[in-house]
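A short worksheet on the structure shown next.
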Amino acid sequence: MSLKDKYLQKMSREARTELEQDDYALKVTDLHKDFKLPTERAWGLKQAIFNRIKGIKGFKTQHVLRGIDFTVAKGEFLGIVGRNGSGKSTLLKVLAGIYVPEKGSVKVNGNLVPFIELGVGFNPELTGRENVYLNGALLGFSNAEMDKMYDDIVEFAELRDFMDQKLKNYSSGMQVRLAFSIAIRARGDILILDEVLAVGDAAFQEKCNEYFKSLHGQQTVILVTHDMGNVEKFCDRAILIEDGKIACEGKPEKVTKAYMKLWD
């Protein structure tokens, strides 16, 4: 029995519960998210009155997330997998605060850095250096904080000789490397990544792999991916989303098998 477990045994139930609850990085409870999709449009006043009398709406409701529950421990590397349209990217956008859920709650215990799409927020008319600070501001960091991160970002991206050139002169690979380096070096307590491990050339991918190996136990990471190899390589636990619900949860190997069965 660990020292922590022995200590917990001596505590009151209320105090023990409070401490255990503080060990989570992110807690999702009964999460629901809907979208209204337009249907047949009324092309005149007569049709609009007819639709209103008949109770015909101009939209239908798509239930994308339907009661999602999970907790992520501090320092855990969680994989979220699922087929296209299953709701996993919508889930990440709710976690990041981009979407507001219809029902349920998301509790974040720490500073969350979302990285949903590579290069979002980049301005091609600005230099690489200016885009680093622009992205940092979008992530909620001050200039002083970005000053401390800047050298690490540039070193990881391997773009020091290009930082004063305009971004529009960068190749697509260079832009991806810069965007990815900003995301992983803008250290938050929780890092959310959506399909971004396969970036850059083979050498840069290997560098990214080594970086993620170093994160274990140091930072909480939530990764959405279709690559089951990365799930088994990096993740402590995984969740399979299907039709807006959690279809399977547990060890990466277990979830990988469940994912592969979806294609049988």
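Values below: all heavy atoms of this structure, side chains included; hydrogens, waters and symmetry mates excluded.
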If I compare all heavy atoms of [X] with all of [Y], which pair ends up nearest, and what's the gap?
X: S181; Y: I153; value: CB-O, 3.5 Å
X: M163; Y: V132; value: CE-CG2, 3.7 Å
X: A238; Y: P252; value: CB-CA, 4.3 Å
X: M174; Y: L159; value: O-CD1, 3.5 Å
X: F204; Y: A157; value: CE1-CA, 4.3 Å

- So does R237 pair up with E249, basic N to acidic O under 4.0 Å?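 Yes.
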Decide, yes or no, whether a salt bridge links E130 with K166 under the criterion of side-chain N to carboxylate O below 4.0 Å.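 The answer is no: the pair does not qualify as a salt bridge.
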Quick one: does [X]'s side chain have a donor or acceptor within less than 3.5 Å of a partner on [Y]'s backbone?
X: N109; Y: L26; answer: no
X: Y170; Y: F162; answer: yes
X: D69; Y: D30; answer: yes
X: K207; Y: F156; answer: yes
X: N131; Y: N123; answer: yes
X: K88; Y: G82; answer: yes

Who pairs with H63 by side chain to side chain donor-acceptor pair (under 3.5 Å), at least two apart in sequence or on another chain?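 Result, side chain to side chain donor-acceptor pair (under 3.5 Å) vs H63: D34.
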In terms of heavy-atom contacts, does CD of E155 have more than 12 from other residues, nucleotides or ligands at under 6.0 Å?
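Atom CD in E155 is not packed in, count stays at 12 or less.
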Indicate, with yes or no, if [Y] and [X] share a hydrophobic cluster defined by side-chain heavy-atom contacts under 4.5 Å among Ile, Leu, Val, Met, Phe, Trp and Tyr.
X: L262; Y: M260; result: yes
X: I239; Y: M228; result: no
X: V255; Y: V231; result: yes
X: L240; Y: V64; result: no

Roughly how far, to the nearest 0.5 Å, is the [atom2] atom of [Y] from the [atom1] atom of [X]?
X: C208; Y: N230; atom1: SG; atom2: CG; answer: 10.5 Å
X: L31; Y: K245; atom1: CG; atom2: NZ; answer: 14.0 Å
X: K107; Y: T29; atom1: NZ; atom2: OG1; answer: 6.5 Å
X: L134; Y: I182; atom1: CG; atom2: CD1; answer: 8.5 Å
X: Y99; Y: K93; atom1: OH; atom2: NZ; answer: 4.0 Å
X: L112; Y: I190; atom1: CG; atom2: CD1; answer: 5.0 Å

Are the side chains of [Y] and [X] in contact, using a 4.5 Å heavy-atom criterion?
X: L178; Y: F122; value: yes
X: I68; Y: I241; value: yes
X: L191; Y: I222; value: no
X: V94; Y: V106; value: yes
X: V221; Y: L78; value: no
X: L91; Y: I80; value: yes
X: V28; Y: T71; value: no
X: F35; Y: T90; value: yes

Q.
Under the criterion side chain to side chain contact (heavy atoms under 4.5 Å, CB included), I'd like the reasoning laid out for T220 against Y24: C-alpha separation, chi angles, the key distance, then a yes or no.
A. CA-CA 10 Å; T220 306; Y24 75 87; over 6 Å; no
Check: Angle class for the F234/F77 ring planes (parallel below 30°, perpendicular above 60°, tilted otherwise)?
Finding: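 Correct class here is parallel.
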### Message
I'd like to know whether M149 forms a side chain to side chain contact (heavy atoms under 4.5 Å, CB included) with D152, so could you lay out the CA-CA distance, the side-chain angles of the two residues, the decisive distance to 0.1 Å, and finally the verdict.
### Response
CA-CA 6 Å; M149 300 178 198; D152 284 341; 5.7 Å; no
Solution key, residues 138-147 side-chain donor-acceptor pairs under 3.5 Å, sequence neighbours excluded:
residue, atom, partner, partner atom, Å
S142, OG, E145, N, 3.2
S142, OG, E145, OE1, 3.4
E145, OE1, S142, N, 2.8
D147, OD1, Y133, OH, 2.5

- Would you please test V81 and H226 for side chain to side chain contact (heavy atoms under 4.5 Å, CB included) and show each step? CA-CA 6 Å; V81 303; H226 288 286; over 6 Å; no
Between T127 and Q165, is any side-chain donor less than 3.5 angstrom from a side-chain acceptor?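 No, no side-chain donor-acceptor pair sits under 3.5 Å.
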Given L193 and V224, is the side chain to side chain contact (heavy atoms under 4.5 Å, CB included) satisfied, shown in steps? CA-CA 6 Å; L193 303 168; V224 163; over 6 Å; no
